[in-house]
Novice: 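Before I ask anything, here is the structure I am working with.
Letters go in sequence order (proteins before strands), and every chain restarts at 1. Predicted, not measured: the structure shown is a model, and the values here were computed from it.
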Amino acid sequence: MFIKDVLESGDALEGKEVAIRGWIYRKRSSGSVVFLVVRDGTSIIQAVVKKGEADVESFAQASQATIESSVELKGTLRKDERAVTGCEISTKSLSIVSLAEDFPIKGGEGEEFLLDNRHLWLRSRGIASLLRIRMSILKELREFFEGKKCVEVQAPTFVSGACEGGATLFEVPYFDRKAYLTQSAQLYLEVMIFSLNRVYTIAPSFRAERSRTRRHLTEYWHAEAELAWFDNSKIMDFEEELVTRVFNKVSESKEYEILGKRPKELITPFQRMDYDEAIEIADVEWGEDLDYRAEKKITSDSEEPIFVYNYPKKAKAFYHRPNPDNPAVVLCHDLLAPGGYGEIIGGGERIHELDILLKRIEEVGLNPDDYYWYIDLRRYGSVPHSGFGLGVDRLTNWLVMGKHIKDVVPFPRMMRRLNP
RNA sequence: GCCGCCGUAGCUUAGUUGGUAGAGCACUCGGCUGUUAACCGAACGGUCACCGGUUCGAGUCCGGUCGGCGGCGCCA
């Protein structure tokens, strides 16, 4: 049975025989007693193997077993304060399924060594907890979207050109042509609202930016949504509800006991500030995008995320809808997480008017032919709509109060890391 | 792309004005009937990242190369 079920059985299994299998996590021995802490992916439990109590062959196997050897064992469950998880198994029989070679990770290793051995490091309790929290975040995101009648869809990973005209795409050979790895599903999601009204996708995005910070990966998970009939303000309401719900639900997870810390509950509403207000706080010139230093200044007094909205047109991508009252700015927003975790959401209202879109495409020097399908949407029953992209790994890193985004991804991909 | 830092045993590292490379942990062997990163004893373990230079002599000084780390810019 699973160790977790054994631990949660209360008194029901006290004194009864239990059988578990897993991997040896810790081993201590003293002549005629071997203590094995066994890990099975659900939890850990101590097994005590005593000469005389266990059969001769089992005792020999226990003495011989190495860290990370896989084992099967049977014995009597007993409460014991001295054991890590409060109870232990007095082992009657034990067999090694596969004897592990000397395990390279034993504590005290440096970051680089651990990353080179990420495939083995992943077995640690801390990373296992992080991965379970990551799973809950994805689950809560999906539940939230589903509750809002959003349909989960998929967009292609191979694309023929930039979504945003940036020069940060990974180029890959595609038969006799060049293709690129997507950096956003947004344009495809906009297509699908005409079929499904509200859509979302959770998928990897790729950016060939030479970024070396605690907030960047070259491959990251992107939760993107696009909703018909939403304006910039309504979509911020939606995001605020989403972030709060996911954050507060996930922060109740038991995994935080293993991590030894737990985030504080998020309180709504989040502060919303106009770009003009933001640049005054951050001491940035009008027209510039907000850099990381500015983001930190803006969020420094807050424990909640802060929306900054209506950026100058020239600081943002072509598809953002210009403000009809002030065409120098576009109806968009970023959501900045507190504590230096950076921008976790970027979103806004999309241009739904054909003439304005064509003008913008021309202004930024893109070829309208490449976007014929995107432009077509504005010809056949266009509607006002908005959407956003959320950095799942950044959200996760913030939720676990992590040091570096790479820690919350099983196999992080960065400028200088492609292995394991 | 820019700025700063680092590379010594399997791992983590010390190494003074240039003078025979030192430790802790792990592995191996021995001991131990309640361990919590168990403990005690012994033994083992080095192309000092690589290439070149200065020097009687380089882990140490100089030049270059490679690899990595942190931060910024850019972004989610």
Novice: Phosphate oxygens OP1/OP2 of B:rG73: is one of them under 4.0 Å from a side-chain N or O of A:R210?
Specialist: no
Novice: Holding to salt bridge (charged side-chain N to carboxylate O under 4.0 Å, His left out), I want the full list of residues that pass it with A:K27, two or more places apart in sequence or in another chain.
Specialist: none
Novice: Nearest to the side chain of A:S30, which nucleotide is it out of B:rU33, B:rC72, B:rA76?
Specialist: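 Given the options B:rU33, B:rC72, B:rA76, the side chain of A:S30 is closest to B:rU33.
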Novice: Could you tell me which residues satisfy ring pair (Phe, Tyr, Trp, His ring centres under 6.0 Å) with A:Y174, sequence neighbours excluded, listed by chain and number?
Specialist: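 Ring pair (Phe, Tyr, Trp, His ring centres under 6.0 Å) check on A:Y174 returns A:F158.
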Novice: With a 4.0 Å heavy-atom cut-off, tell me which residues in residues 117-125 of chain A come close to RNA chain B, sorted by residue number.
Specialist: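 Output list: empty, so none.
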Novice: Residues in side chain to side chain contact (heavy atoms under 4.5 Å, CB included) with A:K51, at least two apart?
Specialist: A:S32, A:F59
Novice: Which nucleotide wins on minimum distance to the side chain of A:R212, given the candidates B:rC75, B:rG70, B:rU35?
Specialist: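 Comparing B:rC75, B:rG70, B:rU35 against the side chain of A:R212, the answer is B:rG70.
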Novice: Taking RNA chain B as the partner, which of residues 56-81 of chain A come within under 4.0 angstrom of it by heavy atom?
Specialist: A:R78, A:D80
Novice: Using the criterion of both pairing distances under 3.5 Å for Watson-Crick and G-U wobble pairs, give all stems of 3 or more consecutive pairs involving RNA chain B.
Specialist: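 B:1-7 with B:66-72, B:10-13 with B:22-25, B:28-31 with B:39-42, B:49-53 with B:61-65 - these are the stems of 3 or more pairs that involve RNA chain B.
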Novice: Taking only the side-chain heavy atoms of A:F35 (C-beta and beyond), determine which of B:rU33, B:rC74, B:rG34 contains the nearest atom.
Specialist: B:rG34
Novice: What nucleotide among B:rA37, B:rG70, B:rC69 has an atom nearest to a side-chain atom of A:R417?
Specialist: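 In terms of side-chain proximity for A:R417, the closest of B:rA37, B:rG70, B:rC69 is B:rC69.
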Novice: Output the single nucleotide from B:rC72, B:rA76, B:rG34 whose closest atom is nearest the side chain of A:I405.
Specialist: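 Minimum distance to the A:I405 side chain belongs to B:rA76.
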